[in-house]
2 protein chains.
Amino acid sequence: MLRLEPKADQKMGSIRRGAMQAILHAAECVFARHGLAGSTMAEIAQEAGLPKANLHYYFGTKDRLYQTVLEGIVGEWLDHEAEWITPNRHPAEGLAGYVRAKMLHARRRPDASRIWASELLRGAPVIMGYLCQTARQQVLGTARVLQGWSEAGLMDRIAPTHLLFTIWGMTQTYADFDVQIRSTLGTSDISDTEFETAIQTVTTMVLKGCGVRSPTQLPR
Amino acid sequence: MLRLEPKADQKMGSIRRGAMQAILHAAECVFARHGLAGSTMAEIAQEAGLPKANLHYYFGTKDRLYQTVLEGIVGEWLDHEAEWITPNRHPAEGLAGYVRAKMLHARRRPDASRIWASELLRGAPVIMGYLCQTARQQVLGTARVLQGWSEAGLMDRIAPTHLLFTIWGMTQTYADFDVQIRSTLGTSDISDTEFETAIQTVTTMVLKGCGVRSPTQLPR
DNA sequence: GTCTATATAGCGATAGAC
DNA sequence: GTCTATCGCTATATAGAC
């Protein structure tokens, strides 16, 4: 499970490829708005500009379409970990870079974040296997890097897994629950400068919260 | 909208009261698991141990039942703010108390938190009015208290609303996405000691992240 | 390959017996 | 007030024309 359609890997007609892309894009948008159960194949078809039957032709069932959309999203939230949280980086650089990457992801791919959140809220029935295997191993590896930074005296001793949980919670909230943020701020959408303030706030909370001392300059 | 059933405020038969309570409790449980669209009146009825028709007799429609469940939840996430974040408290006490209260709420009422999260994910169609009116005013009031603490030199200058957003994100993640946390930790449920570690981690992140200096003792 | 027209199932809601 | 039996609608899925 959780593999791409074999057909998608091979050479295929550009019409087929274009139609599947349109469907997947429309499905991601609709699933993000209404969740799996709240979405209908008819609405996804309309969003994609195709007849409803074509969705079944390409993806079989609604569940398989949902699963395919999820497969494209699954990797996104772990990619930045391995990029930024590495033993050879200083935590000031690694944590700040990771937080910024997570925040920019929340800003640029809110639909992906919401589908992920919706799947977790349901108890992760589709991606449970992935969570307990691949994802867990990578997260534990990242936690060991954080542990190493602490033991090297580069930051305070803090429960590494819980540090990751809080970073995920802080960053993803800007995608998943942005309606709450916008209604509080009283804006119809969050400006770039406002979002930069958000990034700064989260970064500061993480760096100072972990007692990270900058390698190049002292905190003010 | 968002008012309690008038009938619920008046004296009513104990049978009626008991049935409505059973339905509301079952509905909260089912809505938390499957969301509004994914839940069926039949499943809620079975969970409550009553015939399906009784749900319609007491609450009319599925939407009204959902709305009633939501009404019982709406106030919960703002209650602790007014209790802990007050001008006459020191931020070390106020923020730590608030974080602990939010964390204990996530632990004790995960279903309530998940329904709230699910409603926000959908774009908050039912509670939008409440969010932009009552909730917004109270949150802005809380933000002014945080601002006052900063200006009094009791903590760093940090964007007050974003501080609240991050606290909500960190604490609610332990209810909403606990499947992710449990799969990472490799446990079927989170122990009390593990959860205490979580509370300590979040509290430390907030207090040190905001540069709060304890009024009674220096940070180590 | 593409799309219209339709079969089938499940759900919300209700009528009416008790 | 309570519950059984059922109605009508909507959504998934497919058959079959083009």
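In what follows, every chain begins at residue 1, and chains take the letters A, B, ... in the order their sequences are listed. Model, not experiment: these values are computed from the prediction.
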- OP1 or OP2 of dA13(C) less than 4.0 angstrom from a side-chain nitrogen or oxygen of His56(B), does that happen here? yes

- Query: Among residues 27-54 of chain A, which contact DNA chain D at a heavy-atom distance under 4.0 Å?
  - Reply: Ser39(A), Thr40(A), Met41(A), Lys52(A), Ala53(A)

- Note on the structure: Lys62(B) atom NZ is separated from dG12(C) atom P, nearest whole Å, by 4 Å

- Task: Give a yes or no answer on whether the side chain of Glu119(A) reaches the backbone of Val126(A) with a donor-acceptor pair at less than 3.5 Å.
- Result: yes

- Message: Can you tell me how the ring of His162(A) sits relative to the ring of Tyr174(B), calling it parallel under 30°, perpendicular over 60° and tilted otherwise?
- Response: parallel

- Please report the C-alpha distance between Asp63(A) and Thr61(A) in whole Å, then the side-chain angles of each, then the deciding distance to 0.1 Å, and finally whether the side chain to side chain donor-acceptor pair (under 3.5 Å) criterion is met. CA-CA 5 Å; Asp63(A) 281 340; Thr61(A) 69; 5.4 Å; no

- Looking at residues at least two apart in the chain, or sitting in another chain, which of them share a side chain to side chain donor-acceptor pair (under 3.5 Å) with Arg109(B)? Glu28(B), Glu76(B)

- Item | Atom-to-atom span, CG of Leu65(B) to C1' of dA13(C) - whole angstrom | 14 Å

- Message: Would the distance check show the side chain of Arg182(A) and the main-chain N or O of Ser188(A) forming a donor-acceptor pair, the cut-off being under 3.5 Å?
- Response: yes

- Message: Tell me whether Gln46(B) at atom CD has more than 12 heavy atoms from other residues, nucleotides or ligands lying less than 6.0 Å away.
- Response: no

- Item | Whole angstrom value for the distance that separates C1' of dT2(D) from CZ of Arg16(B) | 12 Å

- Query: To the nearest Å, how far apart are Ile15(B) CD1 and dC3(D) C1'?
  - Reply: 14 Å

- Task: Would you mind reporting whether Met128(A) and Val179(B) have side-chain heavy atoms less than 4.5 Å apart?
- Result: yes

- Task: Specify the separation, in whole Å, of atom CG of Leu55(B) and atom C1' of dC11(C).
- Result: 13 Å

- Message: Whether Tyr58(A) contacts dT2(C) is assessed here as follows: a side-chain N or O lying under 4.0 Å from the phosphate OP1 or OP2. Is that the case?
- Response: yes

- Task: Please assess Arg89(B) against Tyr98(B) for the test side-chain contact (heavy atoms from CB on, under 4.5 Å), listing each intermediate value before the final yes or no.
- Result: CA-CA 12 Å; Arg89(B) 279 192 202 274; Tyr98(B) 180 56; over 6 Å; no

- Phe59(B) CZ to dG12(C) C1', in whole Å, measures 16 Å

- N or O in side chain of Tyr57(A) less than 4.0 angstrom from dG1(C) OP1/OP2: yes

- Please indicate whether His56(B) has more than 12 foreign heavy atoms, meaning atoms of other residues, nucleotides or ligands, lying under 6.0 Å from its NE2. yes

- Degree of bending in the helix from dG1(C)-dC18(D) to dC18(C)-dG1(D) once both end axes are built from five pairs, to 10°: 10°

